[in-house]
Student: 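What follows is a structure written as structure tokens; I'll ask about it next.
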Amino acid sequence: MNKSLNTSYIVLVFLTLATGIIFWAKLPFALIMFLALIKFWLVGFQFMELKLAHPFWKGLFLIFSAILVGIIVLLA
Amino acid sequence: MQNYKSIYYPPGGILLWIIIYLELITFGMAMVAFIYYGQQEKDIFVSGAASLNKTFGVVNTILLLSSGYFVAKAVQKHKARNAKSAIKSLNFSILFGFGFLLVKTLEYYLKTEAGHGLSTDTFYMFYWLLTGFHWIHVFVGICILFVIKRGIARKSESYELEDLEAGAAFWHMCDLIWLILFPALYLCF
């Protein structure tokens, strides 16, 4: 449990720095939002312990966030 | 032991998750509106986004993630019946949370000095409203963490885990909002 929390944190910081690099490299905004979605899921499943929750809450979280990010990317 | 597998008892409590989804929907709609209006007034939004300090945004993201990490750690420590470590973790989470508010307030000061107010243009109207409401949520979150920390300090291991988890869930919600808000506001246009 401790190890997965530490690993998740390191991955989150790495993805944040990677986002900065992607932005400066002028890569597509969709890629930036995809990384944001991965971070969103990591915080939800690891920090908020949704990985232990009923499948309903897991599914709702995944679908809601994917729809939100999808709409933002489509409009952008 | 918490029965997270039950649909009625998600981690943090069902009431908090209803609140979390209401907040995510509200902020989500506002962000979608931001992107939509950005397409209608592209020049204004491109110059507005260019005036935002991306480094502040990245630093703030790392501060909030770090704070969230320590809140998650505090929950872990409390479950392990280690109140002292839980309090230590909460102290770090509050510190990083304050760091976020400090950086954001500095950013607000610089924006105000540069003459970018709520009525400057559509971009800055969204900027101030979105980040302003988020700032308030982070401030309330810090207050909640502080109250929880005091509760654990008084009651030690007998402090209700549900209360800590509910407070932690609210805090992580602030993080979730920022994870979408930062790229949409700072990096989209």
Side-chain angles (χ1 to χ4, degrees), chain A residues 1-2 4-24 26-58 60-61 64-65 67-76, chain B residues 2-12 14 16-17 20-21 24-25 27-29 31-36 38-39 54-55 57-59 61-62 64-66 68-73 75-77 79-80 165 168-169 171-173 175-184 186-189:
Chain A
M1 190 77 150
N2 199 33
S4 75
L5 204 59
N6 294 342
T7 308
S8 302
Y9 174 65
I10 291 166
V11 170
L12 283 164
V13 172
F14 171 76
L15 289 177
T16 302
L17 297 172
T19 301
I21 293 167
I22 288 168
F23 175 76
W24 288 117
K26 295 184 173 29
L27 292 174
F29 175 66
L31 186 56
I32 289 172
M33 287 311 295
F34 178 68
L35 291 192
L37 185 61
I38 300 297
K39 286 157 66 181
F40 197 93
W41 287 345
L42 265 174
V43 168
F45 278 83
Q46 295 294 336
F47 287 7
M48 300 176 91
E49 295 188 304
L50 274 179
K51 63 184 178 186
L52 304 173
H54 188 277
F56 168 77
W57 294 105
K58 290 181 192 176
L60 183 62
F61 189 78
F64 173 86
S65 51
I67 289 172
L68 176 61
V69 169
I71 292 172
I72 289 173
V73 169
L74 283 171
L75 286 175
Chain B
Q2 303 301 308
N3 181 18
Y4 297 140
K5 287 295 175 201
S6 166
I7 196 171
Y8 300 109
Y9 299 102
I14 195 165
L16 236 305
W17 275 99
I20 287 168
Y21 276 106
L24 288 176
I25 288 166
F27 270 94
M29 287 194 311
M31 281 186 256
V32 168
F34 169 79
I35 302 290
Y36 173 78
Q39 295 304 322
K54 301 347 180 221
T55 307
V58 169
V59 166
T61 304
I62 292 173
L64 266 189
L65 287 173
S66 302
Y69 166 75
F70 280 108
V71 166
K73 260 259 185 287
V75 172
Q76 242 181 28
K77 294 296 179 189
K79 280 181 184 173
E165 285 185 327
W171 186 251
H172 292 307
M173 176 196 74
D175 208 352
L176 291 177
I177 292 167
W178 180 257
L179 286 176
I180 306 295
L181 185 58
F182 164 58
Y186 287 68
L187 309 178
C188 179
F189 292 98

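Naming: A, B, ... by sequence-line order, numbering from 1 per chain. These numbers come from a predicted model, not from an experiment.
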Student: Minimum heavy-atom separation for A:Phe64 to B:Ile25, with atom names?
Tutor: CE1-CG1, 3.5 Å
Student: Write down the atom of B:Leu65, the atom of A:Lys39, and the distance for their closest heavy-atom approach.
Tutor: CD1-CE, 4.5 Å
Student: Which pair of heavy atoms, one from B:Ala184 and one from A:Phe29, lies closest together, and at what distance?
Tutor: CA-CZ, 4.3 Å
Student: Can you tell me which portion of A:Val73 sits under 4.5 Å from chain B's heavy atoms? Options are side chain, backbone, both or neither.
Tutor: neither
Student: Between A:Lys58 and chain B, with a heavy-atom cut-off of 4.5 Å, which part of the residue counts as in contact: side chain, backbone, both or neither?
Tutor: side chain
Student: Measure the OH-CD1 distance between A:Tyr9 and B:Ile62 for me, rounded to the nearest 0.5 Å.
Tutor: 7.5 Å
Student: Got a second to check how far B:Gln76's CD is from A:Glu49's CD, nearest 0.5 Å?
Tutor: 7.5 Å
Student: As an exercise: rank A:Ala76, A:Ser65, A:Ala36 by heavy-atom pairs under 4.5 Å with chain B and give me the winner.
Tutor: A:Ala76
Student: Given a strict heavy-atom distance threshold of 4.5 Å, which part of A:Ile71 is in contact with chain B: side chain, backbone, both, or neither?
Tutor: side chain
Student: Taking A:Phe47's backbone N and O only, do any of them form a donor-acceptor pair with B:Tyr69's side chain (distance below 3.5 Å, no angle check)?
Tutor: no
Student: For residues A:Leu68 and B:Val32, determine if any side-chain heavy atom of one lies less than 4.5 Å from a side-chain heavy atom of the other.
Tutor: yes
Student: In Å and rounded to the nearest 0.5 Å, what is the OG1 to CG distance from A:Thr19 to B:Leu179?
Tutor: 9.5 Å
Student: Using a 4.5 angstrom heavy-atom cutoff, name the option from B:Val71, B:Thr55, B:Leu24 with the most pairs to chain A.
Tutor: B:Leu24
Student: Under a 4.5 Å heavy-atom cut-off, does chain B meet the side chain of A:Ile22, its backbone, both or neither?
Tutor: neither
Student: How long is the span from the CZ atom in A:Phe56 to the OG atom in B:Ser6, to the nearest 0.5 Å?
Tutor: 12.0 Å
Student: Check the surroundings of atom CZ in A:Phe34: do more than 12 heavy atoms from other residues, nucleotides or ligands lie under 6.0 Å from it?
Tutor: no
Student: Which one wins on heavy-atom pair count under 4.5 Å against chain A: B:Tyr21, B:Phe182, B:Tyr186, B:Phe34?
Tutor: B:Tyr21
Student: What part of A:Met48 gets closer than 4.5 Å to chain B, counting heavy atoms only: side chain, backbone, both or neither?
Tutor: both
Student: Just so I know, are the side chains of B:Trp17 and A:Leu60 near enough to count as touching, which here means a heavy-atom distance under 4.5 Å?
Tutor: no
Student: Can you tell me how far the CD1 atom of B:Ile177 sits from the CZ atom of A:Phe40, to the nearest 0.5 Å?
Tutor: 8.5 Å
Student: Check this for me: B:Tyr9, atom OH, are more than 12 non-hydrogen atoms of other residues, nucleotides or ligands nearer than 6.0 Å?
Tutor: no
Student: For the candidates B:Lys73, B:Met31, B:Met29, which exhibits the highest count of non-hydrogen atom pairs separated by less than 4.5 Å from chain A?
Tutor: B:Lys73
Student: State the CG-CG distance between B:Asp175 and A:Leu12, to the nearest 0.5 angstrom.
Tutor: 8.0 Å
